[in-house]
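Note sheet for the following structure.
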Amino acid sequence: MIVVMHSGAEKNEIDEVLERLQGLGFQIHLSQGVERTIIGAIGDKTRLNETALEAMPGVEKVVPILQPYKLVSREFKDHNSVVRVGELEMGREKIHVMAGPCAVESKEQLMETAKQVARAGATVLRGGAFKPRTSPYAFQGLEEEGLKMLAEARESTGLKIITEVVDPRTVELVSRYADILQIGARNMQNFFLLKEVAQSEKPVVLKRGPSATVEEWLMAAEYLMSGGNYNVILCERGIRTFEPYLRNTLDLSAVPVAKHLSHLPVIVDPSHAIGKWRFVKPMAMAAVAAGADGLLIEVHPNPAQALCDGPQSLTPDNFMDLMSELGRVASVLGRVV
Ligand code: PEP
Ligand code: MN
């Protein structure tokens, strides 16, 4: 539930409400705006006399949150959240493009890609260092060596780094190198991983599972927020449908839906949704038109030689072309790339 305090509520009035709620075992999330204080309280409502709470000095109203996800919901917070990654702000006018190879393969491959995507206007470099694959015989990633290469690429380009964390035991290790932790689609409901990442202070990109409903996706985000990590960015990356031509079906309707139900920034990964590079550009533009706050795009200097996801990777030239066209779509919407 949300307790909205009067705009002139005194500090001691706010403290008394907090004490009452904490005494009843509620988890408190305080939002102190310029205008007024709003108290989010998550817990067992049957223990509470709502009328008595509403009668406390300084309280304007008590509003129940009807959705199963609480901290994630628009009912909890009606204005858009902005997630900060250093000096970058995700969820404002600027559409942040995170680009790079599926996997970190070598220093040369990563540096070359990093330079090219930075030149084209990306603000974040992507690259997987831990790559458990559908086949156990496929390339599995460079692990910590790959993380070190990402950190070096950050040093030389100024790009921020996003990389996937796949195992609760490596959250601390990956957090030492990454600016943003990525939770992969297959791990969206790995609740032990979510709980561990919730303890990290790093911003998180939470991918939607290939068969997850929007509600399940938001519930996964609730794990992160209720565990203490408020820096959550949702990422639509395609879902499984009956259509076999593409790798997945990009559910762009999930963008306005998630933004309607939640205050969190939403980005789109057209590369994994589509699986074929030639359709990445039109769907990236459509994602921006649908209201996405950012994009996650695979770029490889030589897609034919890529160890992972070559068919969906853009060449640096194709990425440059995409970025310039994206700028035109963004400007129509009053946004910038
Ligand atoms: C990735 O972005 O590297 C990845 C594995 O994507 P997904 O989790 O969406 O399949
Ligand atoms: Mn990939």
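Any value given below was found using the heavy atoms of this structure, including those in side chains, with hydrogens, waters and symmetry copies removed. In listed order, ligands and their atoms are each counted from 1. The first residue of the sequence shown is numbered 1, and numbering continues consecutively from there.
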Are there more than 12 heavy atoms of other residues, nucleotides or ligands under 6.0 Å from atom CD of Glu201? no
Would you mind naming the N, O or S atom of Asp309 nearest to the Mn ion (ligand 2)? OD2
Check this for me, if you would: do Asp309 and Lys131 make a salt bridge, where the nitrogen-to-carboxylate-oxygen distance has to be below 4.0 angstrom? no
Here the vertex angle at the Mn ion (ligand 2) for OE2 of Glu298 and NE2 of His272, given to 10°, is 90°
Any N/O/S atom of Cys102 sitting less than 2.8 Å from the Mn ion (ligand 2), backbone or side chain? yes
Between Lys107 and Glu145, is there a salt bridge with N-O shorter than 4.0 Å? no
Glu60/Arg36 ion pair, N-O < 4.0 Å: yes
Closer than 4.0 angstrom, basic N to acidic O: yes or no for Arg176 and Glu172? yes
Per-ligand residue contacts, ligand 1, heavy-atom threshold under 4.0 Å: Arg126, Lys131, Glu164, Gln182, Gly184, Ala185, Arg186, Lys207, Arg237, His272
Under the side chain to side chain contact (heavy atoms under 4.5 Å, CB included) rule, what do Thr123 and Lys94 come out as? Steps first, then yes or no, please. CA-CA 10 Å; Thr123 50; Lys94 183 163 171 75; 3.8 Å; yes
Kindly work out whether a path of hydrophobic side-chain contacts (I/L/V/M/F/W/Y, heavy atoms less than 4.5 Å apart) joins Met98 to Leu206. no
